[in-house]
A.B. asks: 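A single structure is presented below for examination.
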2 protein chains.
Amino acid sequence: MISVGNSSDQLNERLANSGFRFTPHRRQVYDVLVQHRDHPTAEEVFIRAKKVMPDISMATVYNCLDALVKSGLVRLVNLDRGATRFCPNMADHGHFVCDRCGGVFDVGLPPASLGMQIEIPSGFKVNRYDIAFHGQCPSCASQG
Amino acid sequence: MISVGNSSDQLNERLANSGFRFTPHRRQVYDVLVQHRDHPTAEEVFIRAKKVMPDISMATVYNCLDALVKSGLVRLVNLDRGATRFCPNMADHGHFVCDRCGGVFDVGLPPASLGMQIEIPSGFKVNRYDIAFHGQCPSCASQG
DNA sequence: CTAGGTGCAAAAGGTTTGCGGTTAA
DNA sequence: TTAACCGCAAACCTTTTGCACCTAG
């Protein structure tokens with residue numbers, strides 16, 4: 001298990017560095033994530049935080065999560081909140097998503113090598129994997 | 001560019017193998033995907049298909065996409081249609097998603113090795129990548 | 001004849017936004 | 001004091017569902 005968790009001082013510093021305040025709500029939302037480590041959804045975070053802070057609202061949970069993500073304290077697991085995209089290329093390949101223009105491009109993968117190199121804990125049965133690279137496409141990268 | 005595209009006979013066979021009929025709407029939705037290859041959303045597919053079939057509806061587009069995906073002719077690029085999940089582990093790691101119980105687990109990655117092994121076409125600037133493994137977690141796998 | 005496909009409209013789920021009131025630097 | 005934060009509610013976007021009609025096997 002990889003160690004996670006930050007002191008209030010650390011949270012304060014990280015949030016402040018990104019222009020956010022350190023508030024009890026943000027401490028609570030962060031604690032919910034650290035205590036369970038089961039990748040909850042925003043609604044699950046809301047339910048758990050509500051047990052300690054009965055007046056917290058969904059809007060505040062989203063606000064806190066957003067501040068934590070932008071401060072580098074929390075990450076999104078399912079990125080691409082937008083609509084699902086479709087692809088007729090059934091060959092083994094990954095995708096490159098341009099963070100600037102939103103374009104999606106196919107990327108070749110070395111055949112059948114990846115799964116072998118990553119240590120999946122025993123007991124897990126892997127059927128497939130998806131890789132998404134993020135960055136800038138050639139057109140956007142050339143525009144500075 | 002990887003070759004994609006299937007004849008009507010091939011589409012018919014693939015759909016039939018999964019218990020679906022081969023219809024003009026499904027042919028059209030598939031053609032939209034093959035012709036543009038830019039990973040459109042369902043709404044973009046709808047708009048493009050509508051130019052040729054003005055009476056097609058969103059429900060039919062979703063129906064056709066679903067049939068094509070289930071027949072192995074098209075794949076989803078953004079999986080996990082559900083809610084975004086959050087993770088306080090900022091170390092470099094991937095995720096394992098159990099297709100049965102929906103649980104999400106952290107998976108370690110070999111440090112900084114992956115990006116080097118995959119051939120990203122020149123001009124793309126990669127900032128980060130996300131890997132999601134799919135299959136069955138130990139608990140679900142042991143239940144048959 | 002019957003299961004499956006289609007269009008329409010309404011509903012459902014997840015997320016964002018607008019607004020008035022509150023709090024902390 | 002003033003920018004940031006909060007709760008509430010409404011709006012928004014994407015996807016699913018219910019229903020009536022139609023069509024292919």
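Everything numeric here is computed off the predicted structure, so don't read it as measured data. All values below were derived from every heavy atom in this structure, side-chain atoms included, with hydrogens, water molecules and symmetry-related copies excluded.
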A.B. asks: Rounding to an integer number of Å, can you tell me how far B:Glu43 CD sits from D:dT16 P?
C.D. replies: 15 Å
A.B. asks: Working note: A:Asp106 + B:His39, criterion side-chain hydrogen bond (donor to acceptor under 3.5 Å, both in side chains); need CA distance, chi angles, decisive distance, verdict.
C.D. replies: CA-CA 9 Å; A:Asp106 287 351; B:His39 307 79; 2.7 Å; yes
A.B. asks: From the set C:dT6, D:dC5, D:dT15, return the single nucleotide nearest to any side-chain atom of A:Thr23.
C.D. replies: D:dC5
A.B. asks: Roughly how many Å is it from CZ in A:Phe20 to P in D:dC5, rounded to a whole number?
C.D. replies: 7 Å
A.B. asks: Between atom CD1 in A:Ile47 and atom P in C:dG13, what is the gap in whole Å?
C.D. replies: 13 Å
A.B. asks: Taking 4.0 Å as the cut-off, does a side-chain nitrogen or oxygen of B:Thr60 come that near to OP1 or OP2 on C:dT6?
C.D. replies: no
A.B. asks: Which sits closer to the 5' end of DNA chain C, A:Ala59 or B:Met58, going by the nucleotide each is nearest to?
C.D. replies: B:Met58
A.B. asks: Once rounded to the nearest 0.5 Å, what's the spacing between atom CZ of B:Arg100 and atom CD of B:Gln143?
C.D. replies: 6.5 Å
A.B. asks: Is any side-chain N or O of A:Arg26 closer than 4.0 Å to OP1 or OP2 of D:dC5?
C.D. replies: yes
A.B. asks: Rounded to whole angstrom units, what separation is found between the CG atom of B:Asn63 and the P atom of C:dA9?
C.D. replies: 18 Å
A.B. asks: Is there a path of hydrophobic side-chain contacts, each under 4.5 Å between heavy atoms of I/L/V/M/F/W/Y residues, joining A:Met53 to A:Val61?
C.D. replies: yes
A.B. asks: Please name the pair of heavy atoms, one in B:Cys98 and one in B:Gln136, separated by the smallest distance, quoted to 0.1 Å.
C.D. replies: SG-CA, 3.9 Å
A.B. asks: Please state how far atom NZ in A:Lys50 lies from atom C1' in D:dC8, giving the value in whole angstrom units.
C.D. replies: 11 Å
A.B. asks: Starting from C1' on D:dC6, measure out to CG on A:Leu65 and report it in whole angstrom.
C.D. replies: 15 Å
A.B. asks: What integer distance in Å separates A:Gln28:CD from D:dC6:C1'?
C.D. replies: 15 Å
A.B. asks: Take A:Phe105 and B:Phe124 through the test ring-ring contact (aromatic ring centres under 6.0 Å, His included) and record every step on the way to the result.
C.D. replies: CA-CA 10 Å; A:Phe105 307 85; B:Phe124 286 87; 5.3 Å; yes
A.B. asks: What nucleotide, of C:dG5, C:dT6, D:dC6, holds the atom closest to the side chain of B:Arg21?
C.D. replies: C:dG5
A.B. asks: Using whole Å, what does the distance between atom C1' of nucleotide C:dG5 and atom CE of B:Met53 come to?
C.D. replies: 12 Å
A.B. asks: Check every strand shown and say whether B:Asp55 touches a base, only sugar-phosphate, or nothing at a heavy-atom separation below 4.0 Å.
C.D. replies: sugar-phosphate
A.B. asks: Verify the contact: side-chain N or O of A:His25 to OP1 or OP2 of D:dC5, cut-off strictly under 4.0 Å; return yes or no.
C.D. replies: no
A.B. asks: Looking at A:Tyr62, I'd like to know whether one of its side-chain N or O atoms comes within less than 4.0 Å of OP1 or OP2 on C:dT15.
C.D. replies: yes
